[in-house]
Amino acid sequence: MTAAADLVLTNGEVHTLTDPDETYEAVAVRDGEIVRVDSDYEIDFLNGVETREIDLGGRVLLPGFVDAHVHMETVGRHRLRGDLRDATSPADAVDILRDSDTGGEWILGFGFDESTWDDSRYLTRDDLDQVSTERPVVAFREDLHTAALNGVALDRLRADLPESDVQTAGGEPTGVVVEDAAEVVRNAVEPGPAETADLLLAAQRDAHEKGVTSVHDMVRRSHAPRVYRELEAAGDLALRVRLNYWSDHLDAARELGLSTNHGSEFVRTGAIKTFTDGSLGGRTAKLSYEYADGDGSGQWVVPPRELHDLVRDADDAGFQLAVHAIGDEAIEETIDALTETDDPAGARHRIEHLELATDDQIERMADLGLVASMQPNFLKWSREGGLYDSRLGPARRDENNRFPAYLAAGVPLAFSSDSMPIDPLFGVHQTVNPPEETQRLSVTDALRAYTSGAAYAGFDEDRLGTVEVGKEADLVVLEGSPWERPGSIADIDVTYTIVDGEVVYEDR
């Protein structure tokens, strides 16, 4: 006699997102695992006295979303600190910061995007001095590569800020810092363990509300690895986490005997993460040509020789690499470095962002088996008059984020948010409705990149990413169908999020 299921979900439109995608009516779950995908009639035989049955009312059920590149502490800060993502001007950002003061030593804001403002400029010292002239105030740009400081914060940190990354006017600092100097600021405001736990739990709530069941968290000089494990031990972690450690953790990780895929059911070691260049927003992404709206072609955050050495060391130690490269020149150096590893495809080395890869670079990635870890939500900056239009010029607008080219070449494509924002349906919407045809994916391909593609990037394709018997019961239920509403995917609500067979979010 077949054992009863713990949970059955019936009367739905179940998309397996396998290749080809198959549709069913119902799913049965036992002990956190999918045990049957079938018709309502067949699934009914698995109902028992203690089985929970959820009538989906025709809603769409998909595998849970896997966000392959996210900063979970930042997501938590958006909920618990100054959330500047919707600020409409420098003055509005100042007002938000004033209202968000939690009474701590620092007044912090995260996520401003000056490219959406009529007064399209970074926040400055003068702006933030309006928030406080007695306590340090910091506002981080959405990409975290740029920060703005008030006078108190500048005075406190000035001795540690690399002069080359401190912007000045008339010989005086404007309050704007980029790259290595922004990193100094990030380190200065790093939360302690208790605050980190609050931030990660807030971020987990945010992820569940968006249907995210697994994340690849980019951590650096953070208490997050310890806190995640403590949350798991306490039964409070309902999100699968892969920890992608920054390159300055490599020696410590190696000494601890860690390697990629080491860990538990919910917390595993992922890749070693490193930069090459900066960001397009900060004009620090390394291009082979000049920026359209400023001098120079970007800068190296990690010089090529140093990158090659790091890649060799991490690969020798048994780690996957996740290398940030946005500009075409940075991508070229990254591919060159990863070419030197023993088995790039077997190690599933990843390039993060890849916004301006050339056709030749995409073909090289396909030949090597490298993973493209990309963010479809970045297309919000690619539209006419947007940030990328300004930085690259209209003639180059169709050269960024060419997702179909990767799939056509056979490059594994993994989608993620980079926390800008953590919202897979927003990202899927962007590439189903892109500004350029060179960026357009079908609904199915976009969803696969946010499920099975992202799972593959984390060695999790055998347990996550599709709705199949034997897979973990990590599922999301949508109020509407992305296939039937391709023009409004971003507006579709998440009704249920299920992790390990447990309903962790419900909006009914």
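Atom set for the values below is all heavy atoms of this structure, side chains included, hydrogens, waters and symmetry mates excluded.
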Novice: Aromatic rings F275 and H324: how do their planes relate, parallel, tilted or perpendicular, breaks at 30° and 60°?
Specialist: perpendicular

Novice: Once side-chain contact (heavy atoms from CB on, under 4.5 Å) is applied, do any residues pair with E183, and if so which ones, sequence neighbours excluded?
Specialist: D180, R186, N187, R220, R221

Novice: Give a yes or no on whether a salt bridge exists between E399 and R397, defined as a side-chain N under 4.0 angstrom from a carboxylate O.
Specialist: no

Novice: Please check if any side-chain donor atom of H429 sits under 3.5 Å from a side-chain acceptor atom of D491, or the reverse.
Specialist: no

Novice: Regarding S488 and R485, do their side chains bring together a donor and an acceptor under 3.5 Å, going by distance alone?
Specialist: yes

Novice: Among side-chain atoms of T10 and D40, is any donor-acceptor pair under 3.5 angstrom?
Specialist: no

Novice: Can you see whether Y291 has R391 sitting over its ring - NZ or CZ less than 6.0 Å from the centre and within 45° of the normal?
Specialist: no

Novice: Any donor-acceptor pair under 3.5 Å linking the side-chain atoms of Q375 with those of S416?
Specialist: yes

Novice: Would R348 and Y456 count as a cation-pi pair here, with the cationic atom under 6.0 angstrom from the ring centre and within 45° of the axis?
Specialist: yes

Novice: Could you list the residues that satisfy salt bridge (Lys or Arg N to Asp or Glu O under 4.0 Å) with R141, not counting sequence neighbours?
Specialist: D113, E114, D143

Novice: Give a yes-or-no answer on whether the side chains of E332 and Q361 include a donor-acceptor pair shorter than 3.5 Å.
Specialist: yes

Novice: Please name all residues satisfying salt bridge (Lys or Arg N to Asp or Glu O under 4.0 Å) with D127, sequence neighbours left out, ordered by chain then number.
Specialist: R121

Novice: Nearest 0.5 Å, what's the CG-OG1 distance between L379 and T431?
Specialist: 5.5 Å

Novice: About how many Å separate CG of D423 and CG of N377, when rounded to the nearest 0.5 Å?
Specialist: 8.5 Å

Novice: Report the residues that fulfil ring pair (Phe, Tyr, Trp, His ring centres under 6.0 Å) with F140, sequence neighbours left out, ordered by chain and then residue number.
Specialist: F110

Novice: Does the side chain of E13 pick up a donor-acceptor pair with the side chain of Y24 at under 3.5 Å?
Specialist: no

Novice: What residues form a ring pair (Phe, Tyr, Trp, His ring centres under 6.0 Å) with H15, not counting sequence neighbours?
Specialist: W483

Novice: Parallel, tilted or perpendicular: which describes the rings of H353 and H69, with under 30° parallel and over 60° perpendicular?
Specialist: tilted

Novice: Quick one: list whatever passes side chain to side chain donor-acceptor pair (under 3.5 Å) with D507, sequence neighbours left out.
Specialist: none

Novice: Within 45 degrees of the axis of the six-membered ring of Y289 and under 6.0 Å from its centre: does R396 put its NZ or CZ there?
Specialist: yes

Novice: CG of L475 to OG1 of T497: how many Å apart, nearest 0.5 Å?
Specialist: 9.5 Å

Novice: With R242, which of N261, T260, T269 fulfils side chain to side chain donor-acceptor pair (under 3.5 Å)?
Specialist: N261

